K.L.:
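Take this structure, written in C-alpha cells, and hold onto it; I'll ask about it next.
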2 protein chains.
Amino acid sequence: MLGTPTQTWQDRRRAAARREVLAAAWEVARRDGLGGLTLRAVADRVGMRPPSLYTHFASKHALYDAMFRQAWSEFDERFAALELPADPRAAVHGIARFYVDFALADLPRHQLMDQRVIPDFTPSPESYAPSQRAMERMVGRFRALQGVALAEADVDLFVAAVGGVVAAQWSNDPGGDRYTRLLGRLVDLLADDLGLPTTTPREDP
Amino acid sequence: MLGTPTQTWQDRRRAAARREVLAAAWEVARRDGLGGLTLRAVADRVGMRPPSLYTHFASKHALYDAMFRQAWSEFDERFAALELPADPRAAVHGIARFYVDFALADLPRHQLMDQRVIPDFTPSPESYAPSQRAMERMVGRFRALQGVALAEADVDLFVAAVGGVVAAQWSNDPGGDRYTRLLGRLVDLLADDLGLPTTTPREDP
DNA sequence: GTCTATAAGTCGATAGAC
DNA sequence: GTCTATCGACTTATAGAC
C-alpha cells in the first residue's frame, strides 16, 4: 500500500464517473450500433451535457479505446476463471464454446474486439495489451493440454476457424444456430488433425 | 429487343453518371474507410456538388446498397468464369483460394459484403439477390464435384472456416500471410472430413 | 476540478431557382 | 440535372459559473 499516492479521496468519484460513462456507451452501442454511437446519446443516458464527457474522455476515440480495453480484459478474466475438463479433447471443445458464446453475446463488443469497424481507430498500446494477454493465455492453456505438442500455427488455425463460425453466424443467421451447431464437428476435425488424444471415450448420442 | 422502351437516348448518360458516382464511392471508401465515407468526398471526387448526388442515389444508404450489389455481382461473375481442375480436391482448393483472394483484395468491399459494419444498413432484396445467386452457384459447383454427396451443412462449414481465415488475416495481420498460409492445410482437413477423393495424387514439394 | 453555456465546422438531406 | 441556400444533428473545443 505504501508508495501509492493517497489521493483516493475524490479519485474514486472520478473512477466511478468514468465507469458510468463507459457503461452508458455500451448501452448506446447495443441500441444504435457501434458506428452509430454518438457522444450526445451517451451524455443523455448518463444525465450529462455532451461537453462534460470530455472531462472523462479526451475524445470519442479515447472512449472506443476504453471500451476495447474493457472488453478484452473481461474476456481474459472470464477465460482465466473458466474451468476445463481434464480430457484434452473435451477441454478444446470447452475453449471453443467459451470463445463462440462470448463473441455471440454482444455484437458491438464483437465488432470492436475482432473487426476493424471504426475508421481511423487503432487501440492504444495500453489497451492492446489485454488482448495480447488473453491470446497468450489461450496459447498457454492449449499447450498445457496433455498428449500433444502444439505449434503457433496450430493455435492460429484454431482461432481462425472458430472465429469464422462466429462471423458467419453473425452476418448470415444472427440469432440462429445455422453455423454454431457445426462447431462440435469443426473442433473434432481440428483436434483429429492435431492428434489430440481422448482419454475419456466420447459419449453415445 | 422488342418490348424494351427505346429511351436509350439519354438513359445511357444517366447510367454512366451512376457508374461514375459508384466508382468514386469505392475510391473514397478505400481511402477513408467504409464507415468514413461521406457524400461530400464522393461529390468532390466526381466534380459535383453534394446535393446533386441525390439525382442518382436517393440516400447514402442507397449508395451503400448499390455498392453491395455491385460487389456481389462481380464476385458471382468472376466465380462463374473461374476454371477449376478436374480433380475434386484440387477444385476445392481452387474455390477456397478464389474466395480468400477476392476478400483480401479490398477491405471496405469485404466489410460491406461479409460484415455488418454500417449501422441500420440492410441490403434491399434486389441487392441481396446477387449474393444469394453467388452462394447457390458455389453450392452447385461443390455438388458437381465427383465422388461425394454434399449436404447443406458441409458447404456451410466450408464457408465459415474459410471465411474465418479471411477475417483473422484482416484483423490480426493485414497485408501479411500468417493465416492465409494455413489455408491449404485447412482445406485438406475439410476435404478429408468429406471423404473427398483425389484422383490425381498430390505433388511432392 | 467539474459543471453549464455556447459556438465553429461538418455531416446527411431538402427546397427551389435556373 | 445541377446548382445555391439552408436545415437539423453531431463532434469538438473554449469560456466562465460554481
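Proteins come first, then strands; the chains are lettered A, B, ... in the order of their sequence lines, and each starts at number 1. From a predicted model like this one, the values you see are computed outputs, not experimental measurements.
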K.L.:
Would you mind telling me which residue lines up with the more 5' stretch of DNA chain D, P51(B) or R13(B), judged by nearest nucleotide?
P.N.:
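Nearest nucleotide further toward 5': that of R13(B).
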
K.L.:
So, is S52(A) near the phosphate of dC3(C), with a side-chain N or O under 4.0 Å from OP1 or OP2?
P.N.:
no

K.L.:
Between L63(B) (CG) and dG12(C) (P), how many Å, whole number?
P.N.:
10 Å

K.L.:
If you measure from the Lys or Arg side-chain nitrogens to the Asp or Glu carboxylate oxygens, is any gap between R69(B) and D65(B) under 4.0 Å?
P.N.:
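D65(B) and R69(B): not salt-bridged.
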
K.L.:
Is any side-chain N of the basic residue among D44(A) and R49(A) closer than 4.0 Å to the acidic one's carboxylate O?
P.N.:
no

K.L.:
Give H61(B) one of three labels, base, sugar-phosphate or nothing, depending on what nucleic acid heavy atoms sit under 4.0 Å from its own.
P.N.:
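Answer is nothing: H61(B) stays at 4.0 Å or more from every strand.
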
K.L.:
Mind checking whether H110(A) and W170(A) have parallel, tilted or perpendicular rings, split at 30° and 60°?
P.N.:
parallel

K.L.:
Could you state the CG-P distance from D120(B) to dG12(C), rounded to the nearest angstrom?
P.N.:
15 Å

K.L.:
On DNA chain C, does the nearest nucleotide to R49(A) precede the nearest nucleotide to A58(B) from the 5' side, or the other way round? Give the residue.
P.N.:
R49(A)

K.L.:
What I want to check is whether an N or O donor and acceptor connect the side chain of R40(B) with the base of dG12(C) at under 3.5 Å.
P.N.:
yes

K.L.:
To the nearest Å, how far apart are L53(B) CG and dC3(D) C1'?
P.N.:
13 Å

K.L.:
Nearest-Å distance, CE (M48(A)) to P (dA5(C))?
P.N.:
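Taking CE of M48(A) and P of dA5(C), I get 15 Å after rounding.
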
K.L.:
Is any side-chain N or O of Y54(A) closer than 4.0 Å to OP1 or OP2 of dT12(D)?
P.N.:
yes

K.L.:
Could you tell me how far apart K60(B) (NZ) and dA13(C) (C1') are, to the nearest whole angstrom?
P.N.:
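Atom NZ in K60(B) sits about 12 Å away from atom C1' in dA13(C).
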
K.L.:
Please classify the nucleic acid contact of L37(B) as base, sugar-phosphate, or nothing, using heavy-atom distances under 4.0 Å.
P.N.:
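Since only primed, P, OP1 and OP2 atoms lie under 4.0 Å of L37(B), the category is sugar-phosphate.
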
K.L.:
I'd like to know if R31(A) and E27(A) make a salt bridge, using a cut-off of under 4.0 Å between side-chain N and carboxylate O.
P.N.:
no

K.L.:
Rounded to the nearest Å, what distance is computed from the CG atom of residue D32(B) to the P atom of nucleotide dT10(C)?
P.N.:
14 Å

K.L.:
Using atom CD1 of I118(B) as one end and atom P of dG12(C) as the other, report the distance to the nearest whole Å.
P.N.:
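Whole-Å distance recorded here is 11 Å.
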
K.L.:
Please report the distance, rounded to the nearest Å, between CG in L39(A) and P in dA9(D).
P.N.:
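To the nearest whole Å, that distance equals 17 Å.
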
K.L.:
Relative to each other, are the rings of F102(A) and F75(A) parallel, tilted or perpendicular (30° and 60° limits)?
P.N.:
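Perpendicular: the ring planes of F102(A) and F75(A) meet at over 60°.
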
K.L.:
Would one find a side-chain N or O of T38(A) under 4.0 angstrom from OP1 or OP2 of dA9(D)?
P.N.:
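Checking dA9(D) against T38(A), no side-chain N or O comes under 4.0 Å of OP1 or OP2.
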
